[in-house]
Amino acid sequence: MATAHSHGSLEVLRRSFLFVGRKSLWIAAGWVIIYLIARIFATGPLMLIEPVLGAIFGGAAGWEMGENAVQECGYTGLFLWVILVAGCWAPIFLITWIEQALVQKFFGWPLTFGDWMLLTTATLLSLVAAVWRALADD
């Protein structure tokens, strides 16, 4: 009689991708809000607020992604870190690409240096926070 649950390596990999996918959806939802809020500060001296917003969001997103990752995924080390960082970066870059295309088309607003600072700090801090949090559980 066949068992209903397989505990092979493919099952562990599937469970890992489901874990990262659920967390990526929350990151994508948060990034939509942060990106639209940051459009207020896109130019001028207020542009210096954008890296702070990106750092706060990236740190929180990476920390959330790394929370309980070792227990849920069953992996440790570099492979887990790559999965976590890809799970943080994919929604950030995908949402930025979609939103920037829409904003450019409908409002004519270009991607500014402040937007690049927002994107850069969010990606760097999400990398650091995700790996750091996963290491804490390891």
### Message
If we ignore hydrogens and angles and just use 3.5 Å, is the side chain of E50 paired with the main-chain N or O of D115 as donor and acceptor?
### Response
yes
### Task
Kindly give the heavy-atom pair with the smallest separation between C88 and A130, and that separation in Å.
SG-CB, 4.3 Å
### Query
Heavy atoms, side chains only, cut-off 4.5 Å: are E99 and Y35 in contact?
yes
### Query
Same hydrophobic cluster for V32 and I37, using side-chain heavy-atom links shorter than 4.5 Å among ILVMFWY?
yes
### Task
Would you check if F57 and T121 make a side-chain contact, meaning some heavy-atom pair closer than 4.5 Å?
no
### Close side-chain approach of R15 to C73, heavy-atom, < 4.5 Å
no
### Message
Using side-chain heavy atoms (C-beta onward) and a distance below 4.5 Å, is W109 in contact with Q104?
### Response
no
#### Entry: Hydrophobic cluster identity match, L125 and V85, side-chain contacts under 4.5 Å
no
### Query
Can you tell me how far the CZ atom of F41 sits from the CG atom of L46, to the nearest 0.5 Å?
6.5 Å
### Message
Is there a side-chain contact between L127 and W89 in this structure, where contact means two heavy atoms from C-beta onward sitting under 4.5 Å apart?
### Response
yes
### Query
Which value, rounded to the nearest 0.5 Å, describes the distance between M65 atom CE and L84 atom CG?
6.5 Å
### Task
Take V12 and Y75 through the side chain to side chain contact (heavy atoms under 4.5 Å, CB included) test and state the conclusion after the steps.
CA-CA 9 Å; V12 173; Y75 294 114; 3.9 Å; yes
### Query
So, S24 side chain and G87 main chain: donor-acceptor pair closer than 3.5 Å or not?
yes
### Task
Could you tell me the separation between the CH2 atom of W81 and the CZ atom of R133, rounded to the nearest 0.5 Å?
14.5 Å
### Query
Tell me, do E67 and K23 make a side-chain contact under 4.5 Å, heavy atoms counted?
yes
### Query
With the 4.5 Å side-chain cut-off for hydrophobic clustering, are L25 and I98 part of the same group?
no
### Common cluster, F17/L10, ILVMFWY with side-chain heavy-atom separation under 4.5 Å
no
### Message
Within the structure provided, determine whether L94 and W31 are in side-chain contact (heavy-atom separation under 4.5 Å).
### Response
no
### Task
Report, as yes or no, whether the 6.0 Å neighbourhood of atom CZ on F93 holds more than 12 heavy atoms from other residues, nucleotides or ligands.
yes
### Query
Going from CD1 on I33 to CG on L53, what distance comes out if it is rounded to the nearest 0.5 angstrom?
12.5 Å
### Message
With clusters defined by side-chain heavy atoms of hydrophobic residues (ILVMFWY) lying less than 4.5 Å apart, directly or transitively, does V70 cluster with V128?
### Response
yes
#### Entry: CD1-CD1 distance between I27 and I95, expressed to the nearest 0.5 angstrom
11.5 Å
### Query
Can you check whether T96 reaches W116 side chain to side chain, under 4.5 Å on heavy atoms?
no
### Query
Roughly how far apart are I34 CD1 and L119 CG, rounded to 0.5 Å?
13.0 Å
